[in-house]
Visitor: 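Pasting a structure below so you can have a look.
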Amino acid sequence: MAKKVLILSASAGAGHLRAAQAIERAFAEAGTAESIHNYDTLEFTNPLFRRLYSKAYIEMVNRMPEVLGWLYDQLDQPDKDDRIQLAFDKLNTGPLIRLLEDLRPDITICTHFLPAEIISWLIGKGRLDTRQAIVVTDYDVHAQWLCPNYAHYFVAIDETRAHLEELGVPPGKVTVSGIPIDPVFALAKDKAEMRRKHGLRPDGAVILSSAGGFGVGRIDELMASLLKVRHPGQVIAICGRNAELKARLDRLAGTLPADAPVSLKVVGYTTEMDEYMAAADLVVGKPGGLTTSEAMARGLGFVVVSPIPGQEERNSDHLLEEGAAIRCNNLPVIAYKIDRLLDDPRRLEAMRANALRLGRPRAAADIVARVSQPGEVDAPQPVSPHAAPRLVGRPSRGKARPGRKRGGGA
């Protein structure tokens, strides 16, 4: 049993936090730690740095996604000497460093690369003795996740494991666990029962959209297009904490005639996403690592819309390659593409089977089981943070990987 476990994430998007929460819950259910501490790293930084990491990131997602994609590619260089970035991050994370040195965790699990970098530096300087597990929260691994002092990497798919091994990570130091999601997704739930519980139509296609994840000005176009699907069914729009968006969509739902072939159900913040997914047939949205993993766990076909250039583009590529998704690059034709899919039940069923094959609903529990076993996740001999640009002992290979050719499904 681990005496003290520290889980660190960062609120640059919701996925890193949700992954950390899933691991915390899995530890609590397993009872394999004497104490569990789960913190948002950005709460231990100065206000300006916090804004840069969280609010500025969201603004770029909404208003300048092409710039974000360019930065993603430019920074994806595993052989780049990152001492300047490390110095900048150290300067702005003093409270985090003090927390780590005061808490002295036996095991540290990072679902974001910022705390992983700081912990690696502290280990290399001999100021911290902890086993650091790094949980990559997208299907691909970006160079930002790489650091010289780590005990173990947990990744989503076999290709990412192979990528890390090519970069010098020993095979015994990387596990294909899947991306950690709430353990509740491992519980089977009856579709008909979930539809009754949440007041959904018992028949027809149910299309789930995480509407709050879309950029400024796009949600109205998306909903207008989804409501043109000719197959009878229902659209569920999850708005999260965006009260203004929910009010707008409630007004839109109120304008639809009672006999409309497709109705709209608007949902605000919910802790029952697993049940809405259990009731649905398709997910329409942006392929973030957590949303994608949840959809795969529930065996849902994915309709990719407006992926963020960079990590979500790569997530999209994996789903398309595995036959679990289609992609819509033009919102006005999304109804046409969904209708084509619903016209072909065998194709939709194949997509759902592929999704289930990719799904790893027990990822959080598997990560906890691995790190909790004595000797399973041992820390290597600490390496000076300046001994190598990022990972120690790997050959020089230039950029981590070229960007995949972007394209869509049928």
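Please read these numbers as outputs of a predicted model, since none were measured by experiment.
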Visitor: Between the side chains of Asp140 and His163, is a donor N or O closer than 3.5 angstrom to an acceptor N or O?
Guide: no
Visitor: Are Ile23 and Val5 side-chain neighbours, meaning at least one heavy-atom pair lies under 4.5 Å?
Guide: no
Visitor: Could Arg352 and Asp281 be called an ion pair, given the rule that one side-chain N must be under 4.0 Å from one carboxylate O?
Guide: yes
Visitor: Is there a donor-acceptor pair closer than 3.5 Å between any side-chain N or O of Thr255 and the backbone N or O of Leu252?
Guide: yes
Visitor: Got a salt bridge between Asp182 and Arg18, using NZ or NE/NH1/NH2 to carboxylate O under 4.0 Å?
Guide: no
Visitor: Taking only Lys NZ, Arg NE, NH1 and NH2, and the carboxylate oxygens of Asp or Glu, determine whether Arg161 and Glu165 approach each other closer than 4.0 Å.
Guide: yes
Visitor: Hey, is OH on Tyr336 packed in by over 12 heavy atoms from elsewhere, all under 6.0 Å?
Guide: no
Visitor: Can you confirm whether more than 12 heavy atoms, excluding those of Arg362, are under 6.0 Å from its CZ atom?
Guide: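 It does not: Arg362 CZ has 12 such atoms or fewer within range.
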Visitor: Does this structure show an ion pair linking Glu294 with Arg298, if we count only N-O contacts that are shorter than 4.0 Å?
Guide: no
Visitor: Could you tell me whether the side chain of Thr41 and the main chain of Leu8 form a donor-acceptor pair under 3.5 Å?
Guide: no
Visitor: Would you call the rings of Phe88 and Phe49 parallel, tilted or perpendicular, taking 30° and 60° as the class edges?
Guide: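 Plane angle between 30° and 60°, so tilted.
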Visitor: Is it the case that the side chains of Gln311 and Asp138 hold a donor-acceptor pair, with the cut-off being a distance below 3.5 Å and no angle test?
Guide: no
Visitor: Is Arg51 atom CZ crowded by more than 12 heavy atoms from other residues, nucleotides or ligands, each under 6.0 Å away?
Guide: no
Visitor: Is there a donor-acceptor pair closer than 3.5 Å between any side-chain N or O of Thr111 and the backbone N or O of Val135?
Guide: no
Visitor: Can you tell me how far apart CD1 (Ile238) and NZ (Lys246) are? Round to the nearest 0.5 Å.
Guide: 10.5 Å
Visitor: Mind checking whether Trp145 and His112 have parallel, tilted or perpendicular rings, split at 30° and 60°?
Guide: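 Aromatic pair Trp145/His112 classed tilted.
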Visitor: Do His231 and Asp343 meet the criterion of a side-chain donor-acceptor pair at a distance under 3.5 Å?
Guide: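 There is such a pair (donor and acceptor under 3.5 Å, judged by atom type) between the side chains of His231 and Asp343.
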Visitor: When you look at NZ of Lys228, are more than 12 heavy atoms from neighbouring residues, nucleotides or ligands closer to it than 6.0 Å?
Guide: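 Atom NZ in Lys228 is not crowded, with 12 or fewer foreign heavy atoms closer than 6.0 Å.
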Visitor: Taking only residues two or more places apart in sequence or in another chain, which ones pass ring-ring contact (aromatic ring centres under 6.0 Å, His included) with Tyr276?
Guide: His198
Visitor: Is it the case that Thr175 and Arg370 place a side-chain donor and acceptor less than 3.5 Å from each other?
Guide: yes
Visitor: Between Ser372 and Ala369 (side chain of the first, backbone of the second, donor and acceptor by atom type, cut-off under 3.5 Å), is there such a pair?
Guide: no
Visitor: Do Asp366 and Ser177 pair up side chain to side chain, a donor and an acceptor below 3.5 Å, judged on atom types alone?
Guide: no
